[in-house]
Amino acid sequence: MNSTPSAPELRLSFSIEALTGEYLPLSKRGSELLEYIPITGGRVSGDITGEIIPGGADWCLTRSDATYQVEARYLFRTDGGDIVDVVNIGYLQRNSAARPAPGTEEYFMTTPVFRTVAPHLQWLTRTVFVGRATAHGTHTSIDVYEVVG
């Protein structure tokens with residue numbers, strides 16, 4: 001019997017709006033450029049609400065194939081006072097052959113991973129998430145989807 005498995009479903013859990021500062025070049029090799037993008041604050045809203053703690057950053061590598069490889073690391077404090085650590089890795093391709101998000105001309109997808117000691121937020125540490133991001137001039141917004149059965 002040859003049956004195709006069903007794809008997992010996604011559920012929007014929360015959104016992140018990370019405010020960003022001035023890009024700082026770190027390394028240039030050929031046509032590739034590594035930049036440090038400070039994360040200066042922001043907000044989390046949805047199933048979890050809170051404020052992004054200033055001091056995190058995104059290390060963005062502009063690759064020779066015009067793909068941006070991002071790795072963001074930052075913290076947020078929930079409105080209840082719990083600290084959540086975020087590591088978010090992804091790729092941005094503008095005007096590319098990749099499958100862009102509906103209504104956009106870019107593909108900007110991430111895989112956020114969360115850590116926390118808060119007992120009621122442990123579901124974050126054992127769940128797979130996918131982020132759909134949009135880069136703006138002064139911030140990046142990410143809709144975080146929980147992968148469910």
Side-chain angles (χ1 to χ4, degrees), residues 1-21 23-24 26 32 34-63 65-149:
M1 183 169 170
N2 203 6
S3 68
T4 303
S6 61
E9 296 178 24
L10 300 176
R11 184 187 75 80
L12 179 61
S13 290
F14 51 94
S15 296
I16 299 170
E17 183 173 300
L19 303 176
T20 56
Y23 294 24
L24 305 171
L26 296 179
E32 295 194 339
L34 178 63
E35 293 176 291
Y36 175 90
I37 305 167
I39 296 174
T40 60
R43 184 86 186 135
V44 178
S45 58
D47 290 353
I48 300 172
T49 57
E51 297 289 328
I52 295 174
I53 298 170
D58 184 356
W59 286 260
C60 180
L61 176 65
T62 304
R63 298 184 342 188
D65 64 358
T67 297
Y68 299 87
Q69 184 175 331
V70 298
E71 181 176 336
R73 295 174 175 267
Y74 54 96
L75 303 172
F76 68 84
R77 179 178 286 112
T78 68
D79 289 344
D82 299 303
I83 301 296
V84 177
D85 177 50
V86 182
V87 177
N88 199 3
I89 297 172
Y91 297 95
L92 167 60
Q93 297 174 2
R94 291 197 167 106
N95 301 318
S96 69
R99 298 181 188 148
T104 72
E105 294 183 10
E106 68 181 25
Y107 174 93
F108 192 178
M109 302 298 286
T110 68
T111 53
V113 175
F114 303 97
R115 296 183 292 198
T116 184
V117 297
H120 61 283
L121 294 177
Q122 287 305 300
W123 64 276
L124 289 171
T125 69
R126 56 180 177 253
T127 303
V128 173
F129 294 93
V130 175
R132 177 181 289 159
T134 305
H136 307 279
T138 58
H139 68 281
T140 297
S141 55
I142 307 161
D143 292 326
V144 179
Y145 294 86
E146 177 183 356
V147 179
V148 294

Rounded to the nearest 0.5 Å, what separation is found between the OH atom of Tyr145 and the OG1 atom of Thr110? 11.0 Å
Shortest non-hydrogen contact from Pro112 toward Asn88: N-OD1, 3.1 Å
Show the nearest heavy-atom pair for residues Leu10 and Val148, with the distance to one decimal. N-CG2, 4.4 Å
Side-chain touch Thr134/Glu106, heavy atoms, less than 4.5 angstrom: yes
Between the NE2 atom in His120 and the OG1 atom in Thr78, the distance rounded to the nearest 0.5 Å is 5.5 Å
In terms of heavy-atom contacts, does CZ of Arg63 have more than 12 from other residues, nucleotides or ligands at under 6.0 Å? yes
Taking Thr111 for its side chain and Ile89 for its backbone only, find out whether a donor-acceptor pair lies under 3.5 Å. yes
When you check the gap from the basic side-chain N to the acidic O, do Arg11 and Glu146 get nearer than 4.0 Å? yes
Do Phe108 and Val70 come close enough that some side-chain heavy atom pair is under 4.5 Å? yes
Of the options Thr62, Leu24, Leu26, which is the one that meets Leu34 in a side chain to side chain contact (heavy atoms under 4.5 Å, CB included)? Leu26
d(Leu75 CG, Ile52 CD1) to nearest 0.5 Å is 10.0 Å
Here's a test for you: under side chain to side chain contact (heavy atoms under 4.5 Å, CB included), which of Leu124, Val147, Ile142, Val113 qualifies with Phe129? Leu124
When rounded to the nearest 0.5 angstrom, what distance separates OG in Ser15 from CD1 in Ile48? 11.5 Å
Side chain to side chain, Arg43 and Thr49, heavy atoms closer than 4.5 Å: yes
Can you measure from CZ (Arg115) to CD (Gln122) and round to the nearest 0.5 angstrom? 12.0 Å
Asp85 side chain near Ile83 side chain, heavy-atom distance below 4.5 Å: no
Using the rule given for side chain to side chain contact (heavy atoms under 4.5 Å, CB included), can you reason through Thr20 versus Asp58, listing the C-alpha separation, both sets of side-chain angles and the distance that settles it, and then say yes or no? CA-CA 9 Å; Thr20 56; Asp58 184 356; over 6 Å; no
Determine whether Ile16 and Phe14 make a side-chain contact, defined as any pair of heavy atoms from C-beta on separated by less than 4.5 Å. yes
Checking side chain to side chain contact (heavy atoms under 4.5 Å, CB included) between Phe76 and each of Ile53, Thr116, Val86, which is the one that passes? Val86
Measuring centre to centre across the rings, with the benzene-like ring taken for any Trp, is Tyr68 within less than 6.0 Å of Tyr23? no
Could you state the interatomic distance from CG (Leu19) to NE2 (His139), rounded to the nearest 0.5 Å? 7.5 Å
Minimum heavy-atom separation for Ala57 and Trp59, please, with both atom names. O-CZ3, 3.5 Å
Over all atoms of both residues, closest heavy-atom pair of Ala72 and Ile39: CB-CD1, 4.4 Å
